[in-house]
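The chains referred to below are lettered A, B, ... by the order of the sequence lines, with proteins before strands, and numbering in each begins at 1.
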Amino acid sequence: MGENLVIVESPAKAKTIEKFLGKDFQVKSSFGHIRDLAKKNFGIDINNQYKPIYIVPDEKKKIVSELKKLKKQSKLVWLASDEDREGEAIAWHLSEVLGLKEENTRRIVFHEITKEAIQNAIKSPRTIDSNLVKAQQARRVLDRLVGFELSPVLWKKVKPSLSAGRVQSVAVKLIVEKEREILSFIPSSSYRIIGEFWFSDQNNEKVRITAELARKIATKEEAIELLNICRSTEFQIAKLIVKPSFRSPAPPFTTSTLQQEAGRKLGFSVGQTMAVAQKLYESGKITYMRTDSVNLSSLALNISKKVISEKYGKDYHQFRKYKTKTKGAQEAHEAIRPTYIENNTISGSGTEKRLYELIWKRTVASQMSNAKLEKTTATISIKNSKDLFIATGEVIKFDGFLKVYRESIEVESEDSNKTILPPLTTGQLLNNSSITATEKFTQPPFRYSEPSLVKKMEELGIGRPSTYAPTISTIQQRGYVLKEDRPGGERDIIVIELKNGNPLDERKKTENFGKEKSKLFPTDIGMVVNDFLNEHFKEIMDFNFTASVEKEFDEIAEGNLVWTQMIDKFYKNFHKEVEKSLEVVGKTTGERVLGEDPGSGEEVIVKVGRYGPLAQLGRVREDYKPKFAGLRKEQRIDTISLEEALDLFKLPRTIGAFEDIDMIVAIGRFGPYIRHDGKFYSLNAKTDDPLTVKKERGIEIILAKREADKNKILKQYEENKEVQILNGRWGPYISYQKKNYKIPKSKDPASLSLEECMKLISEGSKNKKTRKKK
DNA sequence: CAGTGAGCGAGCTTCCGCTTGACTT
């Protein structure tokens with residue numbers, strides 16, 4: 001067997017490296033960390049210098065025993081995990097668990113997977129950096145202490161199974177604070193004035209220019225005043241500025257920027273982006289996708305130059321080296337780039353192709369020359385007013401990297417559609433064809449989307465490339481945050497137009513506002529947990545907490561701080577806060593008193609209960625049991641009004657009898673419904689108001705449903721009444737003992753015999769069983 | 001598929017960062 005065993009973190013990496021090293025080297029993967037803190041008793045001996053209790057988790061036992069076996073057959077073991085805190089710790093855990101001896105162990109590192117980099121690494125091995133390992137240990141222990149002490153506090157004080165942690169709790173806080181900013185935002189409006197001008201050129205052709213008033217006008221009266229001045233005045237080009245400018249390409253992708261761009265350009269969720277990128281990585285098409293580095297290997301730089309020169313010409317190429325600005329970046333890998341930059345497209349699924357092409361364009365553009373632009377600003381004066389109109393134009397003189405790639409921006413701003421201005425001269429007079437004043441409302445801050453939350457977290461140095469996607473899925477799984485679309489509302493805006501000197505035309509227009517797509521909204525439970533943590537754990541919830549502990553981890557890594565001292569200082573204070581928070585009597589429910597029920601005089605409160613947010617009528621007394629009603633899906637504790645809460649208690653209500661049985665109207669998980677004779681009938685969520693719907697309408701709905709159900713049955717069998725062929729939303733299917741079974745496309749549903757049905761049923765249930773087993 | 005919210009108590013939940021796995025309508 002091989003003389004040398006090399007251990008890296010990822011199997012895909014192992015495969016590539018093995019090719020570079022030749023047959024004396026066997027390359028294996030540890031699949032990340034092989035040990036972790038035990039779950040029992042914190043996995044930390046708190047009274048004994050915070051001694052960590054490490055165990056090999058069950059799912060890692062197989063790989064550990066395989067590595068042990070291979071180690072025995074090898075002369076030298078090369079620990080080639082990443083060159084960062086976590087990578088160093090992995091190397092150390094490997095040497096501990098495999099029982100490696102210093103004389104036949106080598107620690108090597110490389111930042112890029114190229115033959116040259118790896119052969120150089122082999123030439124200059126070192127030993128394990130124990131200070132860096134200690135820094136990782138401090139990080140791990142701190143996160144465990146925080147997570148495993150805070151979460152149980154929430155179980156006792158709020159609800160079981162909740163969680164809190166250094167990263168996730170701050171991510172939720174960002175979303176809660178943003179939501180509150182938006183809720184408390186009061187829009188104001190002003191007027192935006194757009195003028196349309198023209199002049200005749202030498203050929204007597206009309207040339208048009210659009211310009212905007214340099215300032216916004218505060219009120220309608222002022223806007224009217226200005227428009228009236230403009231009715232009979234002179235417009236003149238007062239100033240003309242032509243300025244060359246340029247634009248530079250964005251750096252190559254990191255995990256965070258890839259998630260942002262794939263979200264904006266391809267509509268991928270953060271998790272989806274990572275899943276597709278993983279596929280591309282495993283099939284050797286891109287470099288590693290969990291990275292905070294914008295660095296490209298010299299190999300990549302040279303190939304880029306070749307590809308760009310051949311495809312677009314030498315003028316389009318420019319060497320660039322990018323430096324990361326990210327807080328706490330560890331840069332163990334390259335930026336995300338195509339493995340073979342000469343391939344501008346690949347074979348694979350549609351999503352793989354699209355993500356690959358995005359990565360290819362971004363990488364190549366990052367090594368291309370600047371785009372050269374010419375910006376023109378024309379200032380148009382109004383004879384008897386101080387106000388000015390501004391027209392801007394932009395001409396691309398040389399497209400440079402724009403030929404390949406344009407980074408998308410989060411919000412399309414109103415003046416992002418720059419146009420070309422016609423040739424103009426200073427002093428030139430202009431005719432005016434129209435001036436329009438349009439009311440514009442100020443906008444509240446933007447809610448976070450998954451990628452923009454990642455961007456913010458990265459800015460704060462919270463979380464790592466490998467955890468962005470999992471963290472976002474955790475806070476959604478815990479029910480702290482929902483990813484949702486919201487339809488938004490309509491509002492009237494005023495438009496006043498002056499056209500060809502005619503009297504002013506004032507009219508109302510409706511505009512849509514507040515529409516949201518795939519944005520992150522906090523839930524009631526998210527807000528309650530957030531407020532509780534903020535009140536009792538200021539230090540942890542501070543946006544700078546991670547940054548400040550990172551500084552201490554760095555000191556530990558440099559050997560200037562003892563890790564147990566750092567942890568001790570933190571824990572003593574933190575643990576005190578934990579105990580204090582437990583002294584708070586009763587549960588934390590985020591209770592809000594809305595007022596009094598005018599009918600009964602009882603207090604109306606909203607809060608979170610065991611099953612979610614609810615409204616409560618009156619408090620528990622010896623002679624009184626409160627009434628409860630769950631809030632509707634779109635209602636929030638923060639925003640519900642007394643009237644809306646009182647409405648909740650009006651249901652369920654009886655609207656009369658049909659066939660001598662009462663019809664009861666209520667709202668369930670799937671919207672408003674009528675219950676009658678043990679059956680449920682949905683109300684039309686848009687047109688039927690459950691609070692006012694009448695008996696006649698109820699009967700109508702029940703009869704309509706019965707009629708529809710009649711058509712639902714496509715076929716029945718006399719011999720076996722339990723088997724039915726039904727018409728469903730997705731076409732015909734077999735129903736048997738309350739379970740549904742598919743009918744293959746090749747069969748005609750109407751002509752199936754009972755035997756055929758039973759065969760399909762037994763096949764179907766077999767599939768279900770095997771599915772569950774695994 | 002549509003209701004729940006009293007209290008008891010056993011046993012469970014939970015962190016962050018490294019990695020992929022083996023699953024389907």
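Among pairs with a residue in residues 670-684 of chain A, those fulfilling side chain to side chain donor-acceptor pair (under 3.5 Å) read A:Asn684-A:Thr687, at least two apart in sequence or across chains.
Under 3.5 Å, the side chains of A:Ser256 and A:Glu458 contain a donor-acceptor pair of N or O atoms. Counted by atom type alone, A:Thr324 and A:Glu331 present zero donor-acceptor pairs between their side chains at under 3.5 Å.
Which of B:dT14, B:dC18, B:dA6 sits closest to the side chain of A:Arg478 comes down to B:dT14. Closest approach to the A:Phe31 side chain among B:dT20, B:dT4, B:dC18 is made by B:dT20 (side chain taken as heavy atoms from C-beta onward). Side chain of A:Pro160, nearest nucleotide from B:dT13, B:dG17, B:dT20: B:dT13. Comparing B:dC18, B:dT13, B:dC16 by their nearest atom to the side chain of A:Glu86 picks out B:dC18. Residue A:Tyr281 has its side chain nearest to B:dT20 when only B:dC18, B:dC15, B:dT20 are considered. Side-chain proximity of A:Phe628 to B:dT20, B:dT13, B:dG5: nearest is B:dG5.
Residue A:Arg144 places no side-chain N or O under 4.0 Å from the OP1 or OP2 atom of B:dC16. The phosphate of B:dT19 has OP1 or OP2 within less than 4.0 Å of a side-chain N or O from A:Tyr288. Phosphate contact (OP1/OP2 of B:dA2, side-chain N/O of A:Arg632, threshold under 4.0 Å): absent. Not one side-chain nitrogen or oxygen of A:Gln616 sits closer than 4.0 Å to the OP1 or OP2 atom of B:dG5. In terms of phosphate contacts, A:Ser466 brings a side-chain nitrogen or oxygen within less than 4.0 Å of OP1 or OP2 of B:dC18.
Among the atoms of the strands shown, only primed sugar atoms or phosphate atoms (P, OP1, OP2) are found under 4.0 Å from some heavy atom of A:Leu162. As judged by a 4.0 angstrom heavy-atom cut-off over every strand, A:Gln168 is placed among residues touching the sugar-phosphate backbone only. Base engagement by A:Arg139 is indicated by at least one non-hydrogen atom pair under 4.0 Å involving a base atom. A:Gly630 comes within 4.0 angstrom of a base, heavy atoms only. Counting any heavy atom pair closer than 4.0 Å across all strands shown, A:Gly32 reaches a base atom. If you check every strand for non-hydrogen atoms under 4.0 Å, A:Ala666 touches nothing.
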Collect all protein-nucleotide pairs involving nucleotides 7-11 of chain B in which both atoms are nitrogen or oxygen and the distance is under 3.5 Å.
none

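Seen from the ring of A:Phe31, A:Lys60 does not count as a face-on cation partner, given the 6.0 Å and 45° thresholds. A:Arg107 forms no cation-pi arrangement with A:Trp92, by the criterion of a distance under 6.0 Å to the ring centre and an angle within 45° of the ring axis. A cation-pi contact, defined as under 6.0 Å to the ring centre and within 45° of the axis, links A:Arg144 to A:Phe148.
Aromatic ring pairs are classed by plane angle as parallel below 30°, tilted from 30° to 60° and perpendicular above 60°; the pair A:Phe570 and A:Phe545 is tilted.
Sequence order on DNA chain B of the closest nucleotides to A:Leu631 and A:Thr474 puts A:Leu631 first from the 5' end.
Scanning for side-chain contact (heavy atoms from CB on, under 4.5 Å) contacts around A:Val27 gives A:Val6, A:Val8, A:Ala14, A:Ile17, A:Glu18, A:Leu21, with sequence neighbours left out.
Between the base of B:dC15 and the side chain of A:Arg140 there is a donor-acceptor pair shorter than 3.5 Å.
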